[in-house]
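Some notes on the structure that comes next.
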Amino acid sequence: MADSDYRSPILLSVTLLLLFVTVLFFSPLNRNQYLSLNLSSPSSTAHDHQQTTDNDKALNVVSAPAPAPFHQHGPPSALTSLPEVLGLSVKVQNKSKTQRIEEELARARALIRKTILTKNYTSDRIEIYIPRGSIYRNPHAFHQSHIEMVKTFKVWAYREGEVPMVHDGPTTYLYSIEGQFIFEMESGSSPFMAKHPDEAHAFFLPLSVSKITDFLFRPHHETFFHRLDRIFTDYIYVVQEKYSYWNRSGGADHFMVSCHDWASLIQRDDPKPYKNLIKVLCNANISEGFKPTRDCSLPEYNLKAFQLGPPRFGLPPENRTVLAFFAGAAHGDIRSILFEHWKEKDDEVRVYEKLPDNINYHKIMGQTKFCLCPSGSEVASPRVVEAMNAGCVPVLISDSYAIPFADVLNWSKFSIQIPPKNISEIKTILKAVPHKSTHLNTSTQYVSPSQSQLPPLPSPPTSIVADHVKKRSNTNKIEEQLARARAAIHKAVLTKNYTSDRQEIYIPRGSVYRNPYSFHQSHIEMVKRFKIWAYKEGELPMFHNGPMSYIYSIEGHFMDELDSSGKSPFLARHVHEAHSFFVPVSVKRIADFLYDRPKPYSFHGRLVRIVTDYINVVARKYPYWNRSEGADHFMVSCHDWAPEIINDDLKFYKNFIRVLCNANISEGFQPGRDVSLPEYNLASGTLGPSRLDSHPDERPILAFFAGGAHGDIRKFLFEHWRDKDEEIQVHEYLPRGQNYHQIMGQTKFCLCPSGTEVASPRVVEAMYAGCVPVLISDYYALPFADVLDWSKFTIEIPPKRIPEIKTILKAVSYTEYLKLQKRVMQVRRHFELNRPAQPFDVFHMVLHSIWLRRLNIRLPD
């Protein structure tokens, strides 16, 4: 990899390949359903072959987005996360212009699918490079997809607009990749350029944020962002009026390319027009609205005039004498922390703000084993590419960075990731990497909380942890325990067998689990080791207490099980034994006692102050919050307002784990840090809904929902289905004499639309009734998604496809329905509420989600 030419056809076209995959993935022109096709690397074992076969057969009923007008709401699709490609479409709509496009994409999908199964590519030309090895998530899928892209993919670059702000871009300095891409696409010689827009699979908006900034930022900088937004919006309106393509897909097959820091701000004034537009950005910051399944991350280059990359002075691995190196300005908090700990303080970790005159920047990179790549003012850094050109292992130090080409490349195989909070440990971490692992192709990963990479576990070798903690006192024991847990989980994944010192009451197996072996061993380790300290500070009724019935009941039951009862085996006997710390605040109780209906505007501030004051009290009294900056602390709440707690001070709460029912990604919920909590609606004195389920053969109702008209999604559902169809029974008020849970038990598919907030107790109620949940939601982070593959036991329908509910559900074959229903019955145990808690029940599943996030952090000295 270190010797690869960044001007080679393979590497130059990876960005276009990801656009091609996006077109395959979303298929905005085709409204039919597709078979899901997972591109994660298959194993040769019998078990993994069985799982792959199951994936191939499983029906993903969430199809590509329906054609939408420019103003329509909703994301392009609620499909599963990349890397995936949709399988062969059932049929192509009978449209002249779109038929050829969809048939081409269908053939491409079929060939990619065939390649995954046969592990051999099909090409009508000599291939100059065959992708192989662990650096690729699935080299066979990637290779065939690249072949199909080169053969098939056509892009139409709109001609409208004038230079310098359109059809032009910078080709030197930090934003150079923006201009290089625009010129390559518009040079007239690119084989990807369509001769006519009707031939195009995707459409390029050739605006340059860098050039717009150059010409419009001064002197009226205070109005610049509004003007930037208007330029883009006006351009889109022009091509929308002139052509049919934007409205046909709602913009889902259109893309822009920019390396400027401000590119993500084009949607600040009005995000609606841009909800489906593919943004190819260097500043791929997830916390600022970058969506990895829609957008593309663009690597950043710092090019001099007439150059296409940095010089190459890389030495062989054995001749590299410098352990780590960085030189650059103090832009952003991460670099400030790096300079505070390392600037000109260590001969092995050489960090400079200004490089001494006698040192050549690129030559010293070529003499270095590990090149530090900290984020600056924005997440991306050209040092990642510079390191690769120098054959130096990149050390990524960033928060919320969506790494380029992660659909295809497995970055853990050729880079090291160090969370900013562990900057002080850089030398210890890097020196613990064995010499054989320091070459670019096979490096180690030091993990911060991950987003659904499975198995979802940290993987520094045990020696890294053990060597680092030998001289510790209280933290020594904690970190050694976690290191042993990681090692046991890693072993279970490799051997596909568990290790336990007691008889296991349940063995997780089957396709409902993302990795049943890692989950099982992780649960074993959690039960054996995990200890939590529930802070004792605070008084009733707002602390150590919560609702035990009605819609927020899981909040009170969790608090009572872990805190008030004092009987939980997970409770630490002493605070220094704890791996995690529970903040026992109840948002529901605070709302009950402090919400002033005549003055509702004052409540938010009081809620935030109560929680922040509590944390300040325990932070002053104990060292634990400050030691981890809150990364091993968590709260639990099912109240709609719980997410608002952190909004006034995002920096203070940036690591704090929120266990929330209202797990809305669009409102700041972060799946890699926070935990999604299933919602229950419990009658007083009960631990779950009634179980009145019938055999699958005795369920005459196709679909059912009854509930209030809360939120836009339910209003849309009622508009199309309320009391209108005998097979799709949708009611706002259940007819007198009918039993809600009994009807659920007679239904095949239970509709679970979001209400005012994303979560709904109907998901759990459906499982208790043995009814397949139909999830209808935007931005809902599903509970326990680190462990459970929801696509195997639920159906997801985007809100925009509510009018098609009956068509979608009737298209599910009886065989597929039986599979889904059987898996619902299997997974139901993980949503059962027991008092006291039992292994693998909902309490254990919530704790396991917290346990995974604790495994993924390291305590500092």
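- The closest side-chain heavy-atom distance from Asp407 to Phe142 is not below 4.5 Å.
- The backbone N or O of Pro292 sits nowhere less than 3.5 Å from a side-chain atom of Arg294 that would complete a donor-acceptor pair.
- Residues satisfying the side chain to side chain donor-acceptor pair (under 3.5 Å) test with Glu300, not counting sequence neighbours, are none.
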Can you give me every donor-acceptor pair (side chain of residues 327-335, partner residue at least two apart or in another chain, under 3.5 Å) with its distance?
{"unit_1": "Arg335", "atom_1": "NH1", "unit_2": "Ala329", "atom_2": "O", "d": "3.1"}

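- Between Met149 and Phe192 there is a side-chain heavy-atom pair separated by less than 4.5 Å.
- Note: Phe232 and Tyr274 have perpendicular aromatic rings, judged against thresholds of 30 and 60 degrees for the angle between ring planes.
- Proximity of a side-chain donor or acceptor of Arg383 to a complementary backbone N or O of Pro374 within less than 3.5 Å is not detected.
- Minimum heavy-atom separation, Ser297 to Ala284: OG-CB, 3.5 Å.
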Exercise for the section: Would you sort out whether Ile212 and Trp262 count as a side-chain contact (heavy atoms from CB on, under 4.5 Å), showing the intermediate values? Expected result: CA-CA 11 Å; Ile212 294 171; Trp262 296 340; over 6 Å; no
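- Counting only heavy atoms from C-beta outward, the side chains of Val351 and Ile426 never approach each other to under 4.5 Å.
- Of all non-hydrogen atoms in Glu160 and His167, the two that sit nearest each other are O-NE2, 2.8 Å.
- One finds the OG atom of Ser398 at 8.0 Å from the CD1 atom of Ile403 (value rounded to the nearest 0.5 Å).
- At a threshold of 4.5 Å between non-hydrogen side-chain atoms, the residues Met193 and Glu186 do not count as touching.
- Looking at heavy atoms from C-beta onward, Ile177 lies out of side-chain contact with Pro299 at the 4.5 angstrom threshold.
- Applying the side chain to side chain contact (heavy atoms under 4.5 Å, CB included) rule to Gln144 yields the partners Leu111, Ile112, Thr115, Tyr121, Thr122, Ile147, Glu148; only residues at least two apart in sequence or on another chain are considered.
- For the side-chain contact (heavy atoms from CB on, under 4.5 Å) criterion with Met256, the lone passing option out of Leu207, Val209, Ile278 is Val209.
- Residues Asp399 and Ser375 are not in side-chain contact: their nearest non-hydrogen atoms beyond the backbone lie 4.5 Å or more apart.
- A salt bridge links Glu127 with Arg125: at least one charged nitrogen is closer than 4.0 Å to a carboxylate oxygen.
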Practice task
Could you go through the side-chain contact (heavy atoms from CB on, under 4.5 Å) check for Asn302 and Tyr173 one step at a time?
Solution key: CA-CA 5 Å; Asn302 190 357; Tyr173 191 51; 3.7 Å; yes
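- Atom CZ in Phe183 sits 12.0 Å away from atom OG in Ser176 (nearest 0.5 Å).
- Taking the six-membered ring for Trp and the full ring otherwise, the centers of Trp342 and Phe339 sit at least 6.0 Å from each other.
- Nearest heavy atoms, Thr368 versus Ile364: OG1-O, 2.6 Å.
- Here Tyr136 contributes atom OH and Asn410 contributes atom CG; the two are 12.0 Å apart, rounded to the nearest 0.5 Å.
- The side-chain heavy atoms of Leu396 and Trp411, taken from C-beta on, include a pair separated by under 4.5 Å.
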Donor-acceptor pairs are to be reported for all side-chain atoms of residues 356-363 against protein atoms at under 3.5 Å, with residues two or more places apart or in another chain.
{"unit_1": "Asn360", "atom_1": "OD1", "unit_2": "His362", "atom_2": "N", "d": "3.0"}
{"unit_1": "Asn360", "atom_1": "OD1", "unit_2": "Lys363", "atom_2": "N", "d": "2.9"}
{"unit_1": "Tyr361", "atom_1": "OH", "unit_2": "Glu386", "atom_2": "OE1", "d": "2.7"}

Practice task
Start with the C-alpha distance between Met165 and Ile231, add both sets of side-chain angles, then the distance that settles side-chain contact (heavy atoms from CB on, under 4.5 Å), and finish with yes or no.
Solution key: CA-CA 9 Å; Met165 294 186 289; Ile231 288 172; 4.2 Å; yes
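- Residues Ile182 and Asp168 fail the side-chain proximity criterion, which asks for heavy atoms closer than 4.5 Å.
- Put simply, OG on Ser415 and CZ on Phe370 are 11.0 Å apart, with the number rounded to the nearest 0.5 Å.
- Closest heavy-atom contact between Lys154 and Pro191: NZ-O, 2.6 Å.
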Problem - side-chain contact (heavy atoms from CB on, under 4.5 Å) between Phe414 and Leu409, worked out - result: CA-CA 9 Å; Phe414 59 92; Leu409 299 178; 4.1 Å; yes
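- To the nearest 0.5 Å, atom SG of residue Cys392 and atom CZ of residue Phe313 are 14.5 Å apart.
- Not counting sequence neighbours, Tyr352 has no partner by the ring-ring contact (aromatic ring centres under 6.0 Å, His included) test.
- When every heavy atom of Glu348 is checked against every heavy atom of Val322, the shortest pair comes out as O-CG1, 4.1 Å.
- Between the OG1 atom of Thr98 and the OH atom of Tyr245 there is a distance of 11.0 Å, given to the nearest 0.5 Å.
- Remark: Glu344 pairs with no residue by the salt bridge (Lys or Arg N to Asp or Glu O under 4.0 Å) rule, at least two apart or across chains.
- Between the side chains of Ser210 and Glu178, at least one donor N or O sits under 3.5 Å from an acceptor N or O.
- Judged purely by atom type and a 3.5 angstrom limit, Asn276 uses its side chain to pair as donor or acceptor with the backbone of Gly250.
- Annotation for Glu162: atom CD does not count as buried by contact number, only 12 or fewer foreign heavy atoms lying within 6.0 Å.
- Of all heavy-atom pairs between Gly289 and Asp295, the closest is O-OD2, 4.1 Å.
- Between Trp246 and His254, the ring planes lie perpendicular to each other; the angle is over 60°, past the 30° to 60° tilted range.
- Here the two rings, on Tyr243 and Tyr158, have centers that are under 6.0 Å apart.
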